[in-house]
**Q** 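Pasting a structure below so you can have a look.
First the proteins, then the strands, lettered A, B, ... as listed; each starts at 1.
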2 protein chains.
Amino acid sequence: MTAGPEAVRAARGEWRRSQIVDAATALLSTQGYHQMSVNDLAQEAGISVGTVYQYVKNKEDILLLVMRDILEAYRHNVPRAMEGFDDPLDRLSSGFGAYCRVVDSRRAGTILAYRESSTLAKDALSEMKSLEEETTGLLVTCLRECVEAGILHEHDSDTLAWDLTMLAHMWSLKHWHFGSRMSIDEYARLQFAVVVSAIIHQEVTTRYEYLARPLHRLR
Amino acid sequence: MTAGPEAVRAARGEWRRSQIVDAATALLSTQGYHQMSVNDLAQEAGISVGTVYQYVKNKEDILLLVMRDILEAYRHNVPRAMEGFDDPLDRLSSGFGAYCRVVDSRRAGTILAYRESSTLAKDALSEMKSLEEETTGLLVTCLRECVEAGILHEHDSDTLAWDLTMLAHMWSLKHWHFGSRMSIDEYARLQFAVVVSAIIHQEVTTRYEYLARPLHRLR
DNA sequence: CAGTGTTATGAATCGATGTTCAATCTCAGT
DNA sequence: ACTGAGATTGAACATCGATTCATAACACTG
């Protein structure tokens with residue numbers, strides 16, 4: 001089965017765009033959007049500047065592709081980490097841990113999302129917000145299930161889920177402070193314990209080993 | 001008592017710089033640094049572009065002045081709100097509330113700090129970080145005192161203080177989500193309750209009316 | 001009033017960068 | 001080998017904006 005010329009063209013398009021996204025991710029990480037020139041990007045990607053424009057509309061389009069790439073990573077890794085758990089709190093803990101680890105693996109990406117949101121056009125920005133809300137919505141669902149299962153007290157799940165999201169992002173945003181103090185796994189465990197300890201039924205605490213310790217820094 | 005020419009020059013410098021900072025704060029709020037032109041800024045300030053350069057070194061200097069202005073607001077309002085409390089948890093609650101309210105009154109400023117940190121030179125960035133650490137340090141001190149007073153369990157005060165800082169900033173960063181759901185006072189009270197409920201000795205909870213309710217959205 | 005020093009002005013300058021497009025290259029089919 | 005279509009190239013172009021600097025205005029003093 002040989003593909004037709006349209007398939008060849010589509011495949012080449014994907015290939016070129018991923019070259020561009022990879023190079024842009026590297027440069028945006030260190031320079032930010034406004035310092036990065038399209039000429040530098042082309043060089044980093046190993047293609048000419050004219051070729052860049054063959055596959056992306058303009059400079060802003062590049063930023064949008066990169067940010068979409070980053071947010072999609074959250075979207076895929078968090079739900080996957082939530083699979084296979086009967087206990088909703090275990091599911092939440094695993095999802096939050098994965099969220100933190102994705103943030104860690106793409107630290108510059110999270111920072112970029114906060115830094116460049118003003119650069120995006122209105123509808124692109126809405127798309128970014130929707131992706132973020134989707135991931136946070138998964139956390140809300142788990143929290144609600146924990147309440148129904150009698151694990152957690154009644155609470156404002158929307159706010160608590162956003163707290164978890166914000167604390168996951170904080171690993172990147174304040175990495176200059178936290179990075180030398182603890183590992184990402186220690187951080188994730190500690191922050192999860194903070195939020196959950198506020199709302200958990202005391203008598204079920206002993207069921208979860210990740211809540212076994214007081215809220216010390218683990219060292 | 002008439003001032004000498006140096007005093008006149010100093011006063012004029014201060015006046016011009018505050019004109020520049022006020023105009024820049026307005027424009028940076030809506031446009032961000034890279035969209036704001038120095039010509040537009042001069043117009044907004046009601047002075048010529050040449051005069052701008054009489055009093056600031058370059059465009060980046062303007063950004064630095066604005067950000068210093070914002071962080072100084074935190075630095076002055078938070079300690080002041082902490083005065084006059086014997087109970088360290090009351091002091092912390094008041095300080096956190098003030099922090100949230102300063103963030104609210106200067107929402108664009110907080111966003112700017114996250115957005116433009118990559119634009120600043122290394123030593124300017126260090127200065128910004130130091131100012132932030134100073135405010136957070138006040139929260140750490142209160143948390144330690146609460147532990148010594150037997151109000152809070154032993155915990156990692158550094159991380160919890162940064163959690164409070166991050167949650168204060170979140171009001172600005174995620175205002176698009178929270179702004180239509182609750183007032184800044186409701187938000188501050190709820191977020192304070194989340195963090196403190198995780199670490200408070202149960203038997204002292206009833207002493208504090210701001211912890212009287214479960215962690216519902218207050219409506 | 002004239003002279004001097006200080007302050008303000010805004011058009012011009014200069015450098016950088018996003019984007020284009022004419023020229024060239026590559027590949028597949030005949 | 002030739003041809004045509006598609007892909008690539010990178011210098012040129014047009015635009016923009018940070019900064020400068022010659023000129024003008026202002027304030028003060030003798």
**Q** Under 4.0 Å, counting only non-hydrogen atoms across every strand here, what does A/Ser37 touch: a base, just sugar-phosphate, or nothing?
**A** sugar-phosphate
**Q** Counting only side-chain heavy atoms from C-beta out, which of D/dG10, D/dT20, D/dA7 sits nearest to B/Val49?
**A** D/dT20
**Q** Please give, in whole Å, the distance from D/dA7 P to A/Glu6 CD?
**A** 12 Å
**Q** Please identify the 5'-most and 3'-most nucleotides of DNA chain C with any atom under 4.0 angstrom from a heavy atom of chain B.
**A** C/dT7 to C/dA11
**Q** Can you check the B/Met36 CE to D/dC16 P distance for me, whole Å?
**A**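 Spelled out: CE on B/Met36 to P on D/dC16 is 18 Å.
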**Q** Without hydrogens or angle criteria, can the side chains of A/Ser117 and B/Tyr114 be said to hold a donor-acceptor pair below 3.5 Å?
**A** no
**Q** In whole Å, what is the span from the CZ atom of B/Arg9 to the P atom of D/dC28?
**A** 13 Å
**Q** Whole angstrom is fine here: how far is it from CH2 in A/Trp15 over to C1' in D/dT8?
**A**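 Checked: the CH2 to C1' distance equals 11 Å.
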**Q** Any idea how A/Trp171 and A/Phe178 line up, ring-wise: parallel (<30°), tilted (30 to 60°), or perpendicular (>60°)?
**A** tilted
**Q** Looking only at atom types and distance, does a side-chain atom of A/Ser29 sit under 3.5 Å from a main-chain N or O of A/Thr25, one as donor and one as acceptor?
**A**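 Yes; judged by distance alone, with no hydrogens or angles, the pair exists.
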**Q** How many whole angstroms separate atom CG of B/Asp40 from atom C1' of D/dC16?
**A** 12 Å
**Q** Just the rounded figure in Å: distance from P of D/dG17 to CG of B/Leu41.
**A**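 B/Leu41 atom CG is separated from D/dG17 atom P by 14 Å.
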**Q** How many whole angstroms separate atom CZ of A/Arg12 from atom C1' of D/dA5?
**A** 12 Å
**Q** Please confirm whether the ring centroid of B/His34 lies under 6.0 Å from the ring centroid of A/Tyr33.
**A** no
**Q** Using a 3.5 Å distance criterion without hydrogens, assess whether the side chain of A/Glu60 forms a donor-acceptor pair with backbone atoms of A/Ala121.
**A**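 Indeed, once roles are kept as given, a pair shorter than 3.5 Å links the two residues.
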**Q** Between A/His34 and B/Gly46, just flag the one whose closest nucleotide in DNA chain C comes earlier from the 5' side.
**A** B/Gly46
**Q** Between the main-chain N or O of A/Met36 and the side-chain N or O of A/Asp40, is there a donor-acceptor pair closer than 3.5 Å?
**A**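 No, because the side chain of A/Asp40 does not come within donor-acceptor range (under 3.5 Å) of the backbone of A/Met36.
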**Q** Is the ring pair A/Phe192/A/Tyr210 parallel, tilted or perpendicular, if the boundaries are 30 and 60 degrees?
**A** perpendicular
**Q** Using atom CD of B/Gln54 as one end and atom P of D/dA18 as the other, report the distance to the nearest whole Å.
**A** 18 Å
